Peer 1: 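Submitted below is the structure of interest, expressed as structure tokens.
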Amino acid sequence: MQVIHWFRHGLRLHDNPSLLNAVKKCTGEDASLINVYVLDPKFDLNPNKLSENRLWFLLETLRCLDDKLRDKGSKLFVCMGNPETVIPTLVKVNKAGFLTYERQTEPHNVARDRKIKDALQNESVEVEAVLGHTLFNPDHLLKLNGGKPTLNMTGFQTLVSKAGAPKKPKETPDSLPPFPKSIQSPGVKVFDDVPSLADFKDLGFDEKNKTCVINAGEDSAIKTMEAFLKQTNRVLSFEKPQTNPTSLEPDTTALSPFMSNGSLSCRLFYWNLMDVYAGAKKHSTPPVSLEGQLLWREMSHLIGYSTPNFGQMVGNPICRQIPWKEPTEDKEAKKMLDRWENGKIGFPAVDAVMNQLTTQGWMHHLARHLAACFLTRGDLWITWEAGAAVFEKHLLDADWNINNFSWHWLSCSAFFHQFFRCYSPIAFFKKTDPHGAFIRKHVPELAKMPDKFIYEPWLAPRATQEACKCIIGKDYPNPPFDHSVALKENLGKMKEAFAANKEAKSDGGPKAKKSKKG
DNA sequence: ATCGACGTTGTTTCC
DNA sequence: GGGAAACAACGTCGA
């Protein structure tokens with residue numbers, strides 16, 4: 001039988017249940033397996049949606065996957081096109097009897113997979129999708145919780161305690177079935193080898209912008225995980241809020257890029273972590289522990305799966321409706337958004353983390369908080385949707401569920417409501433980086449600025465600016481406003497928005513019905 | 001209905 | 001320098 005395994009995420013050989021399903025079906029003399037990845041020009045190959053760093057990381061992960069597949073007697077066919085047409089075409093012309101892929105739960109991916117299944121319903125192909133990207137089955141969790149997701153970690157922990165232990169990781173296949181010499185693919189571009197960034201120059205990707213330095217692929221993922229887990233004290237005492245956002249090397253595990261594309265299995269990480277916990281007298285606990293970090297990931301996936309329009313404000317039932325500035329309609333807001341994205345807003349801490357994002361494709365969690373709070377409720381009053389798009393474009397660990405979850409949180413649109421707790425672009429990093437080493441690294445213009453002015457260079461006297469070869473307003477921008485003034489104004493606007501939402505809720509909600517009855 | 005405790009991770013001031 | 005309290009005060013949940 002001809003079997004096709006479609007890799008989407010789950011870019012690994014270890015703990016890959018749907019790949020194992022494909023392998024199991026490959027019995028008999030004529031059985032063969034086509035492993036395929038489809039690059040979608042609308043998403044993966046769109047330079048407006050994906051930075052060079054992100055595309056490079058994806059291609060490099062695919063190259064590592066292909067290497068590993070070849071070691072086991074298989075290979076990866078990389079195609080280009082819309083999966084909604086590519087996959088049905090490949091199934092039909094290659095007369096595949098079995099199609100496997102790892103299930104995705106984001107509504108847009110669910111809709112795409114539904115269309116593909118529909119397109120294949122008259123074919124004699126069996127389609128099997130298996131969960132492999134999360135610890136728990138979201139359908140199971142929803143059922144246990146009366147059809148609704150939990151919206152805070154305490155509730156989620158209670159829910160998880162009823163769900164039973166996550167599955168143990170599956171074995172890695174010793175060998176893989178043979179593959180056809182070439183695959184039939186009318187109208188579909190198939191690359192001979194996994195393409196590189198240079199192959200997409202014509203689409204607008206510039207190799208010069210590939211600046212991130214990271215080893216991709218599942219071997220690196222496992223190596224990174226094992227190196228971290230070996231540091232027993234660090235693992236046992238891990239508390240996320242205590243980790244340092246201004247550390248020049250990641251103070252956290254930095255496993256997220258591997259986790260998001262599935263070159264590392266979250267179940268492997270979970271159970272390896274449990275082994276470390278098992279050998280210890282005591283360890284930190286959720287929500288701040290390493291286990292807690294996995295639970296946050298789980299909860300955001302559950303919410304993303306079960307909340308309509310979770311990627312936007314309008315039509316999203318858990319999202320507070322706030323009159324943000326829309327860069328698509330407001331020229332000044334667009335200008336500010338661009339300055340924010342490009343590290344030219346004039347507040348060194350914000351510019352430093354945004355520059356880290358665009359050059360490394362990664363930021364510490366708290367750095368993301370600072371940047372997100374600044375864009376939305378703290379300073380610029382710009383819609384979180386615009387910020388989420390920027391993060392999604394640049395972050396190697398981009399994950400639709402987690403990204404939207406975090407932007408809801410930081411903008412006080414859902415989950416977190418204490419809008420008077422606000423990050424200061426001047427004060428926040430001083431706690432961990434009083435001399436501004438992080439700023440100096442990521443905003444080189446300010447490298448020679450004295451400590452006294454590193455977070456507020458506009459206060460430096462002209463002579464100081466000249467001495468350190470950084471004239472504010474010329475070599476490095478002036479901030480567009482006084483933070484404390486903007487903050488005060490925004491706090492007032494938040495208060496208004498909260499009141500308006502409360503009113504809207506009681507108008508259409510159960511309270512109104514009650515008063516009608518009574 | 002009302003109140004108090006709680007919610008992963010704020011800032012400033014004062015000792 | 002570290003730690004505690006003041007600052008101003010959100011929604012949600014359960015007693």
Side-chain angles (χ1 to χ4, degrees), chain A residues 145-146 148-160 237-247 251-253 283-300 303 317-322 347 349-350 353 363-374 376-379 402 405-435 451 455-456 482-506 509-511 514-515 518:
Chain A
N145 201 48
K148 290 205 159 184
T150 57
L151 302 179
N152 60 56
M153 186 39 73
T154 323
F156 188 71
Q157 281 177 251
T158 311
L159 173 55
V160 156
S237 63
F238 186 93
E239 293 192 0
K240 188 65 166 276
Q242 304 309 317
T243 57
N244 184 351
T246 52
S247 169
D251 195 30
T252 48
T253 67
H283 56 80
S284 57
T285 52
V288 295
S289 64
L290 276 177
E291 183 189 2
Q293 305 316 299
L294 284 168
L295 294 181
W296 285 108
R297 178 176 181 273
E298 289 295 309
M299 186 167 80
S300 71
I303 293 169
I318 64 170
C319 184
R320 188 166 281 117
Q321 305 297 301
I322 297 173
F347 289 98
V350 176
V353 298
M363 306 151 98
H364 184 277
H365 188 62
L366 292 175
R368 302 179 196 205
H369 279 209
L370 176 68
C373 183
F374 184 89
T376 56
R377 65 189 168 91
D379 295 81
I402 299 174
F405 177 88
S406 307
W407 280 93
H408 276 75
W409 187 291
L410 266 303
S411 63
C412 282
S413 297
F415 318 122
F416 180 77
H417 317 283
Q418 289 153 279
F419 60 77
F420 42 88
R421 285 196 192 171
C422 209
Y423 292 88
S424 160
I426 295 154
F428 185 51
F429 277 2
K430 281 187 186 172
K431 278 186 288 190
T432 50
D433 189 17
H435 305 295
D451 289 8
Y455 287 96
E456 298 168 281
D482 181 319
H483 165 68
S484 56
V485 173
L487 174 63
K488 208 175 166 188
E489 199 180 302
N490 289 346
L491 283 174
K493 286 199 256 185
M494 281 310 266
K495 206 181 160 135
E496 268 179 50
F498 269 59
N501 275 264
K502 209 173 171 178
E503 186 142 324
K505 235 182 178 177
S506 65
K511 264 189 184 171
K514 251 187 202 170
S515 64

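Since the model is a prediction, treat every value here as computed from it, not as a measurement. Keep in mind that the numbers below use all heavy atoms, side chains included, and drop hydrogens, waters and symmetry copies. Every chain is numbered from 1, with letters handed out A, B, ... down the list of sequences.
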Peer 1: Is there a donor-acceptor pair closer than 3.5 Å between any side-chain N or O of A/Arg377 and the backbone N or O of A/Leu410?
Peer 2: yes
Peer 1: How far, in whole Å, is B/dG7 from C/dA9 if one measures between their P atoms?
Peer 2: 22 Å
Peer 1: What heavy-atom pair brings A/Phe420 and A/Leu491 nearest, and what distance separates the two atoms?
Peer 2: CA-CD2, 3.8 Å
Peer 1: Could you give me the stems involving DNA chain C, meaning stretches of three or more consecutive Watson-Crick or G-U wobble pairs whose two defining distances are both below 3.5 Å?
Peer 2: B:2-7 with C:10-15, B:10-15 with C:2-7
Peer 1: Encode nucleotides 1-6 of chain B as B, S and - characters from 5' to 3', where the letter depends on protein heavy atoms closer than 4.0 Å: B to the base, S only to sugar-phosphate, - to neither.
Peer 2: ------
Peer 1: When the P atoms of B/dA5 and C/dA5 are compared, how many Å lie between them, rounded to an integer?
Peer 2: 16 Å
Peer 1: Can you pull out the residues from residues 421-430 of chain A that lie within a 4.0 Å heavy-atom distance of DNA chain B?
Peer 2: A/Arg421, A/Cys422, A/Tyr423, A/Ser424, A/Ala427, A/Phe428
Peer 1: C1' atom, C/dC7 versus B/dC3: distance in rounded Å?
Peer 2: 22 Å
Peer 1: Got a sec, which pairs hit side-chain hydrogen bond (donor to acceptor under 3.5 Å, both in side chains) with one end in residues 285-299 of chain A, sequence neighbours left out?
Peer 2: A/His133-A/Arg297, A/Lys240-A/Gln293
Peer 1: Please evaluate residues A/Trp407 and A/Thr376 with respect to the criterion side-chain contact (heavy atoms from CB on, under 4.5 Å), reporting the C-alpha separation (whole Å), side-chain torsions for both, the decisive distance (0.1 Å), and the verdict.
Peer 2: CA-CA 9 Å; A/Trp407 280 93; A/Thr376 56; 3.9 Å; yes
Peer 1: So if I define the base as every atom that isn't primed, P, OP1 or OP2, how would nucleotides 4-10 of chain C read as a B/S/- string at a heavy-atom cutoff under 4.0 Å?
Peer 2: -----SB
Peer 1: Given the C1' atoms of B/dT9 and C/dC13, what is the spacing between them in whole Å?
Peer 2: 22 Å
Peer 1: Over all heavy atoms of both residues, which pair between A/Met299 and A/Thr150 is shortest? Give the atoms and the distance, please.
Peer 2: SD-OG1, 3.5 Å
Peer 1: Check whether any side-chain N or O of A/Ser284 sits under 3.5 Å from a backbone N or O of A/Phe238 as a donor-acceptor pair, and report yes or no.
Peer 2: yes
Peer 1: State whether the side chain of A/Arg320 and the backbone N or O of A/Ala497 hold a donor-acceptor pair below 3.5 Å, judged by distance alone.
Peer 2: no
Peer 1: Calculate, to the nearest 0.5 Å, the distance between atoms NZ and SG belonging to A/Lys488 and A/Cys422 respectively.
Peer 2: 14.5 Å
Peer 1: Would you kindly give the CZ-to-P distance between A/Phe416 and B/dT8, to the nearest whole Å?
Peer 2: 10 Å
Peer 1: Looking at side-chain heavy atoms only, is the closest gap between A/Pro287 and A/Phe156 below 4.5 Å?
Peer 2: no
Peer 1: Provide, to the nearest angstrom, the distance between the CZ atom belonging to A/Arg377 and the P atom belonging to C/dG11.
Peer 2: 14 Å
Peer 1: Give me each pair satisfying side-chain hydrogen bond (donor to acceptor under 3.5 Å, both in side chains) with a member in residues 363-372 of chain A, each pair once, sequence neighbours excluded.
Peer 2: A/Thr243-A/His364, A/His365-A/His369, A/Arg368-A/Asp397, A/His369-A/Tyr423
Peer 1: Would you kindly give the CG-to-P distance between A/Asp379 and B/dT11, to the nearest whole Å?
Peer 2: 12 Å
Peer 1: I need the CZ-P distance between A/Phe374 and B/dT11, as an integer number of Å.
Peer 2: 14 Å
Peer 1: CZ of A/Phe416 to CG of A/Asn152: how many Å apart, nearest 0.5 Å?
Peer 2: 13.5 Å
Peer 1: Please report, rounded to the nearest Å, how far the C1' atom of B/dT8 is from the CG atom of A/Leu290.
Peer 2: 13 Å
Peer 1: Using whole Å, what does the distance between atom C1' of nucleotide B/dG7 and atom NE2 of A/His408 come to?
Peer 2: 18 Å
Peer 1: From A/His417 NE2 over to A/Met494 CE, what is the distance, rounded to the nearest 0.5 angstrom?
Peer 2: 10.5 Å
Peer 1: Do A/Ile318 and A/Ile303 make a side-chain contact, defined as non-hydrogen atoms from C-beta onward lying under 4.5 Å apart?
Peer 2: yes
Peer 1: What is the distance, rounded to the nearest whole Å, between atom NE2 of A/His369 and atom P of B/dT11?
Peer 2: 12 Å
Peer 1: Taking the six-membered ring for Trp and the full ring for Phe, Tyr or His, determine whether the centres of A/Tyr455 and A/Phe429 are under 6.0 Å apart.
Peer 2: no
Peer 1: Measure NZ/A/Lys148 against P/C/dC13 and give the value in whole Å, please.
Peer 2: 10 Å
